[in-house]
Amino acid sequence: MNLGATWAKAWIRNSADVMSEHRIELIDLDREIGDGDHGENMDRGFQAVLAKLDAVPAEAGPGDVLKMVATTLISTVGGAAGPLYGTAFLKAAIAIADKTDLDGAALVTLLTAARDGIVLRGKAESGDKTMVDAWTPAVDAAGAAQAAGADDLAILRAAADAAEAGALATEPLVAHKGRASYLGERAIGHRDPGAQSSALLLRAAADTAAEA
Amino acid sequence: MNLGATWAKAWIRNSADVMSEHRIELIDLDREIGDGDHGENMDRGFQAVLAKLDAVPAEAGPGDVLKMVATTLISTVGGAAGPLYGTAFLKAAIAIADKTDLDGAALVTLLTAARDGIVLRGKAESGDKTMVDAWTPAVDAAGAAQAAGADDLAILRAAADAAEAGALATEPLVAHKGRASYLGERAIGHRDPGAQSSALLLRAAADTAAEA
Amino acid sequence: MKKLVNDPKNVVNEAVAGFGAAHADLVRVSTDPIFIVRKDAPVAGKVGIVSGGGSGHEPMHGGFVGPGMLDAAVPGAVFTSPTPDPILAATKAVDGGAGVLHIVKNYTGDVLNFETAADLAAADGVEVRSVLVNDDVAVKDSLYTAGRRGVAGTVLVEKIAGAAADRGDDLESVALVAERVIGQVRSMGVALTPCVVPHAGQPSFTLAEDEIEIGIGIHGEPGRERIKLEPADAIVDRLLGPILDDIPFVAGDKVLLFVNGMGGTPQVELYIVFRRAAEVLAERGIEVTRTLVGNFTTSLEMQGMSITVLKLDDELTTLWDAPVQTAALRWGR
Amino acid sequence: MKKLVNDPKNVVNEAVAGFGAAHADLVRVSTDPIFIVRKDAPVAGKVGIVSGGGSGHEPMHGGFVGPGMLDAAVPGAVFTSPTPDPILAATKAVDGGAGVLHIVKNYTGDVLNFETAADLAAADGVEVRSVLVNDDVAVKDSLYTAGRRGVAGTVLVEKIAGAAADRGDDLESVALVAERVIGQVRSMGVALTPCVVPHAGQPSFTLAEDEIEIGIGIHGEPGRERIKLEPADAIVDRLLGPILDDIPFVAGDKVLLFVNGMGGTPQVELYIVFRRAAEVLAERGIEVTRTLVGNFTTSLEMQGMSITVLKLDDELTTLWDAPVQTAALRWGR
Ligand SMILES: Nc1ncnc2c1ncn2[C@@H]1O[C@H](COP(=O)(O)OP(=O)(O)O)[C@@H](O)[C@H]1O
Ligand SMILES: Nc1ncnc2c1ncn2[C@@H]1O[C@H](COP(=O)(O)OP(=O)(O)O)[C@@H](O)[C@H]1O
Ligand SMILES: [Mg+2]
Ligand SMILES: [Mg+2]
Ligand SMILES: [Mg+2]
Ligand SMILES: [Mg+2]
């Protein structure tokens with residue numbers, strides 16, 4: 001398995017499909033505790049990314065792909081998710097800018113940089129019921145897997161599993177950031193839409209690696 | 001039986017009760033082919049009349065009662081029904097102005113004047129699907145009953161029966177006057193609310209005479 | 001029925017009181033009988049202009065009281081023409097010696113009640129002229145109907161007649177200008193949802209989740225036909241066709257294009273409608289030189305809109321542009 | 001879902017195009033990226049004022065573009081903050097050399113996207129200041145929330161800041177005036193029915209036939225609590241309490257009282273609300289010296305309203321009264 005620009009493009013292509021498929025699900029989660037646009041926002045952004053994917057030059061590295069994703073999400077998603085995901089991909093792109101193929105350490109670097117970007121922009125802490133609650137467990141799980149000598153696919157799977165568990169674990173929480181924070185106790189029992197879309201993205205990363 | 005001011009007051013008092021009771025029914029008829037206010041309009045008007053009834057001097061004749069009804073309806077009902085019923089009661093009041101007790105001939109005079117007032121103001125012909133379609137049969141039936149020597153009660157009952165039949169007979173008609181005329185064929189199958197309230201009024205007149 | 005009301009019987013009273021409190025710089029409010037006059041009424045030597053009708057069409061007519069438009073508005077019960085008393089009182093309150101114009105929408109109730117009030121005013125020595133607005137092409141103007149209804153075109157009649165009175169035209173001239181507008185303005189509307197009259201507590205009609213009513217009136221009266229929901233552009237085309245064919249409007253005409261919200265339709269939708277209507281007029285070579293978009297002649301919370309087209313000439317354009325200072329329409333001061 | 005739309009994805013494009021066509025005397029419209037600027041932008045030497053946010057709140061913000069108020073408005077997708085690109089483009093388009101003020105409603109998405117645009121503008125040599133509107137007392141302003149939301153009070157901030165820029169204040173002064181308004185304005189709203197985001201096609205929330213949502217936001221976000229429907233006066237009291245206690249407003253204060261319709265509520269109801277609100281303020285010895293009633297900060301077709309109270313002083317009153325010429329707010333010219 002070889003995680004380079006080809007994998008990155010395939011991941012993003014798969015992510016675009018996944019966002020389309022889960023558009024309504026994400027809208028519905030956001031209707032419950034937000035304003036009902038998250039699925040539409042993610043779908044709009046990833047469709048725009050998809051349209052630009054073929055234009056990424058053949059000699060580009062995975063960092064170039066992620067940078068295009070970042071700028072496109074920033075300029076097409078809007079809302080809270082646009083800048084947050086945009087920053088995540090931008091920081092990830094910078095962190096792996098010099099790589100052509102990503103080994104386990106680079107994957108952990110990528111995920112960590114992405115998560116740090118989200119925290120930098122959004123100032124959310126773990127447990128605030130945001131996408132951070134998917135990303136931080138994912139980063140931790142990926143780091144642990146890599147330290148334990150897991151291969152790339154296993155690292156990504158660990159990240160995706162942890163992100164899904166993290167998204168699920170937002171359900172009992174009260175939100176402290178984003179729109180759901182207006183709801184107080186009434187947010188309890190609902191999953192955070194951004195955490196869910198984050199888990200979908202990371203699952204797509206692992207699935208793409210498995211196909212490779 | 002003695003149809004003087006006492007009967008006239010009792011008739012109007014009963015009419016007020018009847019309009020309250022049938023408020024929703026008249027609103028519903030008007031919602032179907034009009035604007036849904038006829039029951040509210042009639043109820044508002046007759047409640048205002050009721051409030052003034054005790055102030056009619058003891059020495060007043062039935063014409064004075066009807067004149068108060070006319071002016072009160074004109075100034076409280078509004079819409080199409082206000083001026084039409086107002087004119088009806090006004091013309092009726094004038095026609096029996098010199099009477100203290102109404103015999104059969106006077107009753108026919110009253111009803112005829114009322115109907116003529118409605119036609120004068122509204123210019124509707126028979127079959128136009130308006131309140132005229134209750135009043136004209138009522139006038140005709142009262143006239144025939146009186147000519148046949150019927151007593152007051154029988155005359156009023158004949159009028160009420162004919163008005164009810166006339167109201168029912170508006171159902172298959174297309175309207176040529178009032179709001180229902182905007183509907184063309186779509187008015188078919190619905191009873192005219194003003195014809196229905198007219199029938200209610202005339203039934204109250206007969207019932208009041210029966211109680212006397 | 002969910003409404004921000006107290007006792008349904010007090011809807012008009014309380015709303016008019018609130019209107020008076022909110023716009024005390026522009027109007028005075030009489031509570032018994034209920035009417036709204038401009039603060040400085042009567043204006044000596046100026047033709048007074050009175051309009052009115054059932055409530056539930058706000059801002060029409062109270063929102064149009066002020067310099068350059070109406071001198072008084074007479075709101076009846078919801079969807080019920082006012083009785084003659086308040087019309088008479090308003091007419092007297094705005095008579096500055098130059099007579100009073102009644103702008104009446106063509107409904108049996110409005111016609112009859114204004115007629116009585118005009119007779120009573122004349123008996124009291126006030127000169128009254130009446131004009132009848134009947135811009136709704138959804139209704140056939142035939143001997144077999146009560147005639148075309150007065151709908152959103154009324155706003156344009158009131159604005160332009162108001163400007164004519166404001167510049168000092170005499171009663172006859174103001175009436176003639178109003179009649180010229182009436183002759184050149186046509187409208188048609190659509191409803192997506194019904195409205196609920198407070199005292200009725202139930203929708204005026206029912207539409208299935210995929211149905212709309214073409215040719216709706218402004219009182220929840222059913223319209224011309226009920227069809228399946230279509231894209232906005234197709235609906236606009238359905239309304240504009242009968243409007244443009246009616247006078248007809250032809251290439252080279254200059255017009256005012258007015259997209260009126262029925263009360264419950266968001267502004268984004270009104271502008272989507274405007275976009276298509278302007279496109280159709282351009283295709284036909286009709287030039288849109290003035291525009292109006294918004295909720296002006298409403299039907300409570302009904303969702304839907306109407307399109308109104310007024311053929312303009314230089315005089316009408318000048319009168320449209322003249323200053324107006326009311327709660328709902330204001331420019332030039 | 002019944003709406004006057006074509007493709008739900010084109011709602012904002014088409015509405016903005018329609019807006020541009022309807023108000024060509026006031027604004028120019030850019031289609032890629034989408035923003036609305038006043039026709040004569042940039043005005044040399046004047047501080048430019050830009051606001052924006054998700055669409056669906058019309059007339060906010062496009063309806064406030066024109067002399068005396070905003071220089072540009074940047075509409076995002078429905079209920080979604082715009083991305084930095086159009087904000088940046090609008091900022092540059094209105095920079096007359098005196099810098100640009102961003103008026104941002106306090107939502108995570110708006111804050112982040114305007115922040116990025118401001119950084120990019122600064123990198124391109126345009127001086128930008130930002131103010132954050134957060135008038136909604138329904139939300140606790142604590143470390144454990146995203147802070148109070150910006151709602152209808154934004155209209156007042158935009159009008160008054162616009163007047164300050166119009167009289168020639170420099171960027172710092174305009175920002176200070178805006179911040180003063182923000183410090184003195186408080187709002188709270190109620191929903192009777194939900195709204196339907198076109199791309200979602202389903203109501204943002206559901207309310208039973210006898211339920212209302214107190215403390216609703218302007219994006220269909222659920223509010224503070226859900227209660228049984230009450231008479232209008234009782235609902236007004238529920239909203240006014242937290243508003244007046246917040247700053248607090250006290251006897252002797254002069255205020256602007258603003259009753260804002262959420263989009264689907266008829267005007268009669270807004271005036272019933274105004275009546276009670278004015279009554280409560282009078283009881284508390286608070287003097288209402290300026291008023292505003294209407295649909296200004298909407299939430300698509302949502303039924304409901306919000307009440308906003310702004311503490312006035314002489315300067316703010318003068319700036320409020322200053323001429324404004326926009327599609328939705330206009331006086332003095
Ligand atoms: N401060 C924040 N930090 C991290 N994530 C956040 C923050 N605020 C919001 N989010 C995430 O953004 C998601 C909402 O995105 P979206 O619905 O697209 O934007 P908006 O809230 O502007 O409508 C939330 O579910 C949450 O995961
Ligand atoms: N021209 C007319 N002549 C006789 N009756 C009429 C005429 N126009 C309307 N009506 C009667 O008035 C009734 C409607 O009254 P109402 O609903 O109170 O007034 P509106 O139509 O103004 O809402 C109709 O059902 C009809 O019987
Ligand atoms: Mg959202
Ligand atoms: Mg009726
Ligand atoms: Mg009526
Ligand atoms: Mg959003």
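Reminder, nothing fancy here: chain letters follow the sequence lines and each chain counts from 1.
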Between C:Gly56, C:Pro59, C:Ala17, the one whose heavy-atom pairs under 4.5 Å with chain D are most numerous = C:Pro59

Look at D:Glu230 together with D:Arg238 and state whether they make a salt bridge at an N to O cut-off of under 4.0 Å.
-> yes

Of all the heavy-atom pairs spanning D:Ala328 and D:Phe296, show the shortest one and how long it is.
-> O-CE2, 3.5 Å

Side chain, backbone, both or neither: which part of D:Val293 has a non-hydrogen atom closer than 4.5 Å to chain C?
-> side chain

D:His57 vs D:Phe79 aromatic rings, parallel, tilted or perpendicular, using cut-offs 30° and 60°?
-> parallel

When heavy-atom pairs shorter than 4.5 Å are enumerated against chain C, which of D:Val5, D:Leu229, D:Asn10, D:Leu270 gives the highest number?
-> D:Val5

Of the listed C:Glu301, C:Glu279, C:Arg276, the one with the largest count of heavy-atom pairs under 4.5 Å with chain D is C:Glu301

Tell me, with the steps shown, if C:Ile307 and C:Leu257 meet side chain to side chain contact (heavy atoms under 4.5 Å, CB included).
-> CA-CA 7 Å; C:Ile307 300 178; C:Leu257 173 58; 3.9 Å; yes

Please look at C:Asp25 and chain D and tell me whether the side chain, the backbone, both or neither of the residue comes under 4.5 angstrom of a heavy atom of that chain.
-> neither

Side chain, backbone, both or neither: which part of C:Ile235 has an atom under 4.5 Å from a heavy atom of chain D?
-> side chain

If one checks every heavy atom of D:Asn13 against chain C at 4.5 Å, the contacting part turns out to be neither

Do C:Phe64 and C:Met60 have side chains that get closer than 4.5 Å, going by heavy atoms?
-> yes

Segment of D:Leu300 engaging chain C (4.5 angstrom heavy-atom cut-off) = both

For the pair C:Ser51 and C:His61, evaluate side-chain hydrogen bond (donor to acceptor under 3.5 Å, both in side chains) and give the outcome as yes or no after the intermediate values.
-> CA-CA 7 Å; C:Ser51 190; C:His61 300 273; 3.2 Å; yes

Out of C:Gly304, C:Ala21, C:Gly264, C:Ala22, which one racks up the most heavy-atom pairs below 4.5 Å with chain D?
-> C:Ala22

Side chain, backbone, both or neither of D:Gln303 within contact of chain C (heavy atoms, under 4.5 Å) | side chain

Chain C contact via D:Arg333 - side chain, backbone, both or neither, heavy atoms under 4.5 Å | backbone

Sort out for me which of D:Ile212, D:Val259, D:Thr291, D:Leu192 touches chain C most, counting heavy-atom pairs under 4.5 Å.
-> D:Leu192

Check whether D:Ala208 gets within reach of chain C through its side chain, its backbone, both or neither, counting any heavy atom under 4.5 Å.
-> backbone

Looking at D:Ile216, D:Ile214, D:Val151, which one forms a side chain to side chain contact (heavy atoms under 4.5 Å, CB included) with D:Met188?
-> D:Ile214

Is the closest basic N to carboxylate O distance between C:Asp210 and D:Lys2 below 4.0 Å?
-> no

Does the side chain of C:Leu310 reach to within under 4.5 Å of the side chain of C:Val255, using non-hydrogen atoms?
-> no

